[in-house]
Amino acid sequence: TLDLTGNQLASLPESLGALTGLTTLDLGFNQLASLPEWLGALTGLTSLNLGDNKLASLPEWLGALTGLTTLNLTGNKLASLPEWMGALTGLTTLSLGFNQLASLPESLGALTRLTTLNLTGNKLASLPESLGALTGLTTLHLGFNQLASLPESLGALTGLTTLDLEDNELASLPESLGALTTLTTLNLAHNRLARLPESLGALTTLTTLNLTGNKLASLPESLGALTTLTTLNLAHNRLARLPESLGALTTLTTLNLTG
């Protein structure tokens with residue numbers, strides 16, 4: 001393990017390339033705008049933290065670090081991801097939050113061992129259908145993007161427990177959302193939803209549902225099937241009435257209807 005977090009490093013000494021036994025390299029919170037090629041020789045790496053640097057692109061040799069299980073690229077200046085990203089098939093955690101990503105490569109669907117994918121705070125307007133191949137995902141963060149729709153393939157992510165879609169531009173949700181029957185937390189706050197699919201009632205393991213700041217004028221009766229809900233946030237919508245079935249939500253501890 002080598003931890004160089006929180007320095008002012010704009011470059012790295014070449015001698016580090018001799019540390020071929022390294023498994024964990026932490027370079028977060030530095031000033032790196034590019035990565036030296038010798039880093040590609042550290043093929044024993046399982047965890048690489050490049051978060052909070054100044055990287056605008058990724059070198060192709062990074063795709064040779066196929067032993068990586070954790071890759072953190074949060075808080076850089078990445079506007080796109082290379083197709084070879086799909087070669088990192090050992091990844092279980094991939095953090096890409098707070099970059100400038102406007103799209104994702106189809107090859108992302110090859111990362112079938114991913115359990116956590118964080119894409120919060122980018123510029124994503126759509127998601128590739130191949131996202132549905134990431135069937136091992138348990139946590140998916142897509143908040144604070146520009147998503148206007150979701151692919152039907154999202155319904156294939158049947159292992160998800162946390163899905164965060166806060167602050168996007170979603171006007172509707174795919175019916176396939178109802179297939180995500182292991183979800184415990186669903187955050188849809190601050191979108192443009194005028195209605196919810198009936199299939200929402202199939203998410204019977206939900207404990208937290210956040211629908212704050214949408215355009216909902218009504219709620220589906222199926223909402224009453226979510227009998228494990230403890231927190232339901234419906235603040236700042238256009239609701240004139242609530243479905244009778246809401247009375248079945250006997251485990252609710254927090255119900256917010258403000259505004």
Side-chain angles (χ1 to χ4, degrees), residues 1-14 16-17 19 22-105 107-108 110-111 113-124 127 131 134 136-147 162-168 187:
T1 299
L2 178 58
D3 188 348
L4 294 166
T5 307
N7 287 284
Q8 296 292 314
L9 298 173
S11 62
L12 299 169
E14 198 162 339
L16 293 183
L19 305 178
L22 271 186
T23 57
T24 300
L25 179 56
D26 195 338
L27 294 165
F29 295 97
N30 280 289
Q31 305 283 324
L32 299 171
S34 63
L35 299 171
E37 197 162 339
W38 53 257
L39 208 62
L42 305 182
T43 52
L45 284 179
T46 57
S47 178
L48 178 58
N49 182 6
L50 294 164
D52 296 284
N53 278 283
K54 297 183 173 181
L55 300 171
S57 63
L58 299 173
E60 193 163 347
W61 50 256
L62 201 66
L65 301 182
T66 51
L68 284 178
T69 58
T70 300
L71 178 57
N72 184 0
L73 290 160
T74 303
N76 279 282
K77 297 180 175 181
L78 300 171
S80 63
L81 294 176
E83 282 290 335
W84 56 253
M85 199 86 175
L88 302 178
T89 53
L91 284 179
T92 58
T93 301
L94 178 57
S95 301
L96 291 160
F98 302 101
N99 278 282
Q100 297 165 21
L101 298 172
S103 64
L104 298 172
S107 65
L108 203 70
L111 306 182
R113 292 182 191 170
L114 278 182
T115 58
T116 301
L117 177 57
N118 191 339
L119 290 157
T120 303
N122 280 283
K123 297 179 176 181
L124 297 172
L127 299 171
L131 192 76
L134 306 181
L137 278 182
T138 58
T139 303
L140 179 55
H141 290 288
L142 290 163
F144 299 91
N145 277 284
Q146 298 167 15
L147 296 171
T162 299
L163 177 56
D164 182 6
L165 290 157
E166 180 173 3
D167 215 313
N168 278 282
N187 187 354

Item to check | Steps toward side chain to side chain contact (heavy atoms under 4.5 Å, CB included) verdict (L25, L16) | outcome: CA-CA 10 Å; L25 179 56; L16 293 183; 5.6 Å; no

Checklist entry - side chain to side chain contact (heavy atoms under 4.5 Å, CB included) between L140 and L134: does it pass, once the steps are laid out? => result CA-CA 10 Å; L140 179 55; L134 306 181; over 6 Å; no

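Counting all heavy atoms, side chain and backbone alike, P82 lies closest to S107 at O-OG, 4.3 Å. Scanning both residues, P105 and E83, for their nearest heavy atoms gives CB-OE2, 3.5 Å. Minimum interatomic distance between G63 and A87 (heavy atoms only, all atoms of both residues): O-CB, 3.9 Å. Across P59 and L35, no two heavy atoms sit closer than the pair CD-CD1, 4.1 Å.
Of the listed residues (L32, L2, D3, T5), just one forms a side chain to side chain contact (heavy atoms under 4.5 Å, CB included) with L27, and that residue is L32. The side chain to side chain contact (heavy atoms under 4.5 Å, CB included) with F98 is formed by just one residue from the set T74, D52, L78; it is T74. Each of T116, L68, T69, T70 was compared with L91 under the side chain to side chain contact (heavy atoms under 4.5 Å, CB included) criterion, and only L68 meets it.
Of the possible donor and acceptor atoms, one in the side chain of N49 sits under 3.5 Å from a partner among the backbone N and O of G51. Under the 3.5 Å distance criterion, the side-chain polar atoms of N145 are matched with a main-chain donor or acceptor of K123. Between the side chain of N72 and the backbone N or O of L50 there is no donor-acceptor pair closer than 3.5 Å. Under a 3.5 Å cut-off, the side chain of T115 and the backbone N or O of T138 do not form any donor-acceptor pair. Within the 3.5 Å criterion, the main-chain N or O of Q146 finds a donor-acceptor partner in the side chain of N168. Using modelled atom types, one side-chain atom of T46 and one backbone atom of T23 make a donor-acceptor pair closer than 3.5 Å.
For T66, there are no side chain to side chain contact (heavy atoms under 4.5 Å, CB included) partners, not counting sequence neighbours.
Distance check, rounded to the nearest 0.5 Å: OG of S95 to CG of L71 gives 8.0 Å. How far NE2 of H141 is from CG of L165: 11.0 Å, rounded to the nearest 0.5 Å. In this structure, OG1 in T1 is found 9.5 Å from CG in D26, a value given to the nearest 0.5 Å. Note that CD of E37 is 10.0 Å distant from CD of E14, once rounded to the nearest 0.5 Å. Here the CG atom belonging to L104 is positioned 10.0 Å from the CE atom belonging to M85, to the nearest 0.5 angstrom.
Side-chain contact between L88 and L94 is absent, with no heavy atoms from C-beta onward closer than 4.5 Å.
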